[in-house]
Protein chains: 2
Amino acid sequence: MPDQPQDSAPAQRKNLAREVVLTLRSDIISGTLPPGVALAEPALAKKFGSSRAPVREALIELEREGLVQFEATGRTRVRTLTEQDFDEIRDARIALESMAARRAAARWTPAASEFIERNIARQENASTLAELSRLDVELHEYVVRMAANQRLLALWQSIRWQFEMCLASTHRLQQKMAFKPLQITVSGHRLVLAALASGKPDVAAQKMAAHIEGSMEWSPSAAGVEEHPLERGAAAFSHS
Amino acid sequence: MPDQPQDSAPAQRKNLAREVVLTLRSDIISGTLPPGVALAEPALAKKFGSSRAPVREALIELEREGLVQFEATGRTRVRTLTEQDFDEIRDARIALESMAARRAAARWTPAASEFIERNIARQENASTLAELSRLDVELHEYVVRMAANQRLLALWQSIRWQFEMCLASTHRLQQKMAFKPLQITVSGHRLVLAALASGKPDVAAQKMAAHIEGSMEWSPSAAGVEEHPLERGAAAFSHS
DNA sequence: TTGACTCAAAGTGTCGACAATTTAAAGCTC
DNA sequence: GAGCTTTAAATTGTCGACACTTTGAGTCAA
């Protein structure tokens, strides 16, 4: 494990709320909790064997991450991502990550290149979509960390889970498309790495932007799948 | 008031916590609550005549906005901004706002130009630093809203108060510098407006980036003021 | 069958309380 | 007086409770 350049955990309060966040986040991204499902505090508290206080804080955190949505009445639901949401997340990623690449290029190291190369190699040998996604996110996070900007990292992390939700959701819809679009991704990674290693900030930023643009091109619209809600908001869901 | 293109308040839960956030935020930015001061929940609850629950939620929100910091022990303090923080915020703004300008340029309207022009005119007639700052932030927020991207807007808003904290803090330190650096800002605004109105995304993005870079150039370091903490963390402060 | 109305069940916002932990002061030794 | 130890105050994390609001099923009239 080479130099993870920036650690991001300056704040770490409570403990129980943290566990609730982790579990719910995982359930939402995996689709166990489908979009549109209501998340009632008493039910969740019972499920986690806690009181409502930690659950409440967890929901606030998940709202901040864009995974759930507060309604005006106060009720909380798993967020439904539309095609427009998909585009918005893409643009936000481009904004943050191309700046990250710009700064990262200026302080790039051989160790960083090595890390990215190993990551790409593992991507080429990946056997499942899930594994591929995990590696892809890992790579991008590494670049953002290399920018050594806590704000940039925090902003990126705050949309990270929405992005992963998009990814997972799309995967579930397009098993048929399989790996094809992801090969494009892998070749794009090589271009980005070359730009980073060359130490040219402008080029790195431009390549990163182009790469994200391309890798998120195969959106539901491009694939001709659903229209508005990425997945039909599953009304049928019973917790506990 | 022309088309405020994007409204950003889809979620709006609690009410008491909201009031606490507003008051504390204002006190922190104005310097009434100086950097480093500890914010204890019981004392704040007493001050606001509420229980700890709303205060707690408010502190979480302020942490998210970067105005306060949680320590590992759980204690909360008003955040101390360093020179590096200043640079980080600048870069984050450049990332978000140049993308915003790029998208805004594509959907620019005469009404938008009119709004910005009125804003610039008011800036030229502004008589206080505070007023000038307020107008400057208003202008930039308008551009971000014109991008019609909820994520971009949310990300921008999440660092907005840190930026205002920088501004206010710097103003308090450099009353002497007065308006000079802000004239640069005003002329930069005209360039940005021209690019936006021309409808060329690349140019708009580039001009916005250059403008922010320039307007945040007059940092404490450039002015040769303090080194690390932007302001000496005032240890002397008694609440209530 | 449809539609408005009623009313109980459920949910949120807020509160005060308690144990565990941390902080800061008082006390003691040298 | 300086430094370490003890002790009391303060603070956090979590809990259960209550009032008020929303939701939704069931009822009744048309």
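Per chain, numbering begins at 1; letters A, B, ... match sequence-line order. Just so you know, these numbers come straight off a predicted model, no measurement behind them.
Within 4.0 Å of Arg52(A), counting heavy atoms only, lies at least one base atom of the nucleic acid. Residue Pro42(A) is classed as a base contact, given a heavy-atom separation below 4.0 Å to a base.
The minimum heavy-atom distance linking Ala100(B) with Ala147(B) is given by the pair O-CB, 3.5 Å.
In terms of phosphate contacts, Arg56(A) brings a side-chain nitrogen or oxygen within less than 4.0 Å of OP1 or OP2 of dG13(C). The shortest distance between the side-chain N/O atoms of Thr73(B) and the OP1/OP2 oxygens of dT23(C) is below 4.0 Å.
Atom CZ in Phe48(A) sits roughly 13 Å away from atom P in dC15(D) (whole-Å rounding). For the pair Leu44(A) CG and dA10(C) P, the computed distance is 15 Å after rounding to whole Å. For the pair Leu59(B) CG and dG13(D) C1', the computed distance is 14 Å after rounding to whole Å. The distance between atom CZ of Arg75(A) and atom C1' of dG24(D), rounded to the nearest whole Å, is 10 Å. To the nearest angstrom, C1' of dT14(D) lies 14 Å from CD of Glu19(A). For the pair Phe70(B) CZ and dT11(D) C1', the computed distance is 14 Å after rounding to whole Å. Atom CD of Glu41(B) and atom P of dG16(C) are 15 Å apart (whole Å). Taking atom CD of Glu71(B) as the reference point, atom P of dT11(D) lies 13 Å away to the nearest angstrom.
Residues Ala53(A) and Arg77(A) both approach DNA chain D. Their nearest nucleotides, taken by heavy-atom distance, put Ala53(A) toward the 5′ side.
Taking the six-membered ring where tryptophan is involved, the planes of Tyr142(A) and Phe115(A) are essentially parallel, since the angle between them stays under 30° and well short of 60°.
Cation-pi geometry between Arg75(B) and Phe70(B) is not met at under 6.0 angstrom from the ring centre and within 45 degrees of the axis.
Asp85(A) places a side-chain N or O within donor-acceptor distance of the main-chain N or O of Thr82(A), the cut-off being under 3.5 Å.
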